[in-house]
Amino acid sequence: MTNKFYITTAILYTNGPPHIGFALELLQADVLARYNRLIGNDVWFLTGTDEHGTTVVRAAEKNKKTPQQLADQVAGQVIDLAKKLNISNDDLIRTSDKARHWPAVVKFWNKLVESGDLYKKKYSGLYCVGHESFMKKSDLVNGVCPLHKTEPEKVEEENWFFKLTKYKKDVKRKIEAGELKIVPESRLQEILNLIDDAEDVSFSRPSSSLKWGIPVPDDPDQTMYVWADALTNYISALGYGQDDAKSKIKNSKFDRFWPADIHLIGKDILRFHALYWPAMLLSAGLPLPKAINVHGFITVEGEKMSKTIGNVIDPFVVIEKYGSETTRYFLLREIPSTEDGDFSYKKLEERYNGDLANGLGNLVQRVATLVENNLGGELIYRRITNYELRIMNYEKAIQEFRLHDALGEVWKVIVEANKYVDGRKPWVEAQESPERFLETMTVLVGLIHHIAWLLQPFLPETAQKIAEVFGDDLLSKGIPENYKFIIKKGAGLFPRLK
RNA sequence: GUCGGUGUAGCUCAGUGGUAGAGCACUUCCCUCAUAAAGAAGUUGUCGCAGGUUCGAUCCCUGCCACCGACACCA
């Protein structure tokens, strides 16, 4: 049965170039998107950029650019990164896009107004000029901002607020009922603990302090704050807000794909996706996303990535040096999908040599050589009844968002295949028992087909290369009886490093 | 401070009420189809500390220590 499958990543904030963590998020989403395409689902995969806010303005000033120029530059880098990582996204939405994004946000905002869920409220707080933001009393040291050593001013602002409190019980119920699934479990607990204490949230700022953003409809002195603006990307990209006064057809993408099946996010923005966003959707009368998958952060040699330490990993550098498939493999295999994980070049090279070169690459090469040298590079497939591949947990791992485990399952097949080769000794069989040899090779070619099939969502180029070596069209998971494999040994998939 | 999590072999982590496992690394053996790859065997641990429950705890309870995360209108 064909299902639709709509998956999104968080949108990258354009105050700096995409980092390795965003690369990981793109990759995880890509695997889920590719996997769902593979099993025949109707997939839409969205990523994008979050381009508004004072932080972008400040970063732009530093670079002597306008916020738009900086956003353009970073958005370009995201497109480049997606291309270099072989990401199969169907679309990329930018929040500065006045044609696609803004109308949706305005329509969505007006829906909240219609529901009576936006109201203006005076807000007074301690404003630190250095931070350009409000601070809590508890953040101050001796009444002074610890960073800027200045006493914050008492400032009163009138802002739009969203009645989050009106919906938090409903959101909680839906999360508890599993209608809105939070993965993994630990994050579910975290959000449930938060909901009760949640208060209404500010949805706008005076445009005097926040210029770079979307103006509040009918209130030009106010600019929308990030939640109202950024979260809406998930529906603006589907054409929400484009249909009014035009034909219904325009909106078909929204009808076809909303609600999202998975919002993939980092653990830092769980609250906004699991609480604010669902509440906003309830207010607007729209269905809630089905699941929020939360990944962790990448540390570097055990330390937090930070600009001050200077240990930030640039994904472009990694891809440049090791190639996209190796980068994909390492990040997807070494970093547990829902946990923090560590990046180091040493581990990357160990994974490369151990798993890709010695494991997968070597297996493909040895089997290809055996068939080429002893069968003239041709093998007519038939089912071997006395060999059975063990049932694996590959699909379950993907469905449970344990992508690293899914790859582990594939490598179990590789190990199994290597053991099989050594057990059967085909180089002896070739001399003494051509029949047994043929059987051995049939099993192995079947295993390699299986491996290539399973690798498709993770290492699409590698899967393709393996298929080319074996003349495998990779059209189906199973192999048709009498399928003719034409094997032509190649240069080797992953030459050993050093 | 409140809530939650983690602490198991050199490293990364699984795991169970009956005194522990995997992968990598390391050692030895073996093979030669293959990318000096593969395969086999093996070494390594006071299962954070101190109590308690139990015939028996690494797994249950309590306290402590260490580290981490969430609780901030940070974008």
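Proteins come first, then strands; the chains are lettered A, B, ... in the order of their sequence lines, and each starts at number 1.
Between A:Asp342 atom CG and B:U6 atom P there is a gap of 20 Å when expressed in whole angstrom units. Atom CG of A:Leu164 is separated from atom C1' of B:C71 by 15 Å (rounded to the nearest Å). Atom-to-atom, CG of A:Leu356 to P of B:C24 comes out at 14 Å; the value is rounded to the nearest Å. The nearest whole Å value for the distance from the CZ atom in A:Arg424 to the P atom in B:C33 is 18 Å. With rounding to whole Å, A:Asn362 atom CG is found 12 Å from B:U32 atom C1'. We find that CD1 of A:Ile195 is positioned 13 Å from C1' of B:A70, with the value rounded to whole Å. Distance A:His404 NE2 to B:U12 C1': 11 Å, rounded to the nearest Å. Nucleotide B:A34 holds its P atom 14 Å from the CG atom of A:Leu363, rounded to whole Å.
Nucleotides B:G51 and B:U58 have their P atoms positioned 13 Å apart, rounded to a whole Å.
Of the nucleotides present, B:C11 is the one that pairs with B:G23 by Watson-Crick or G-U wobble criteria, both distances under 3.5 Å. Across all strands shown, nothing is found opposite B:U46 as a Watson-Crick or G-U wobble partner with both distances under 3.5 Å. Pairing for B:C59 is absent, with no Watson-Crick or G-U wobble pair whose two atom distances lie under 3.5 Å. Pair check for B:C71 finds B:G1; Watson-Crick or G-U wobble, both atom distances under 3.5 Å. For B:U35, there is no paired base (Watson-Crick or G-U wobble, both distances below 3.5 Å).
OP1 or OP2 of B:U35 has not a single side-chain nitrogen or oxygen of A:Arg366 nearer than 4.0 Å.
Taking the centre and axis of the six-membered ring of A:Phe330, the NZ or CZ atom of A:Lys347 falls outside the cone set by 45° and 6.0 Å.
Ring geometry for A:His449 versus A:Phe485: interplanar angle over 60°, hence perpendicular rather than tilted (30 to 60°). Ring-plane geometry between A:Tyr167 and A:Phe162 is classed as parallel, the angle between the planes falling under 30 degrees on a 0 to 90 degree scale with a further cut at 60.
Nucleic acid contact for A:Phe272: base, since at least one base atom lies under 4.0 Å from a heavy atom of the residue.
The side chain of A:Lys267 sits closest to B:G69 out of B:U35, B:G69, B:U12. Of the candidate nucleotides B:C73, B:A70, B:U35, B:A70 has the atom nearest to the side chain of A:Leu194.
Mapping A:His52 and A:Asn418 onto RNA chain B via the closest heavy atom, the residue that lands nearer the 5' end is A:Asn418. For the pair A:Ser186 and A:Asp50, nearest-nucleotide mapping onto RNA chain B gives the more 5' position to A:Ser186.
For A:Arg271 against B:C71, a side-chain-to-base donor-acceptor contact under 3.5 Å is absent.
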A:Lys166/A:Asp200 under salt bridge (charged side-chain N to carboxylate O under 4.0 Å, His left out): CA gap, chis, key distance, verdict | CA-CA 9 Å; A:Lys166 179 172 158 189; A:Asp200 288 353; over 6 Å; no
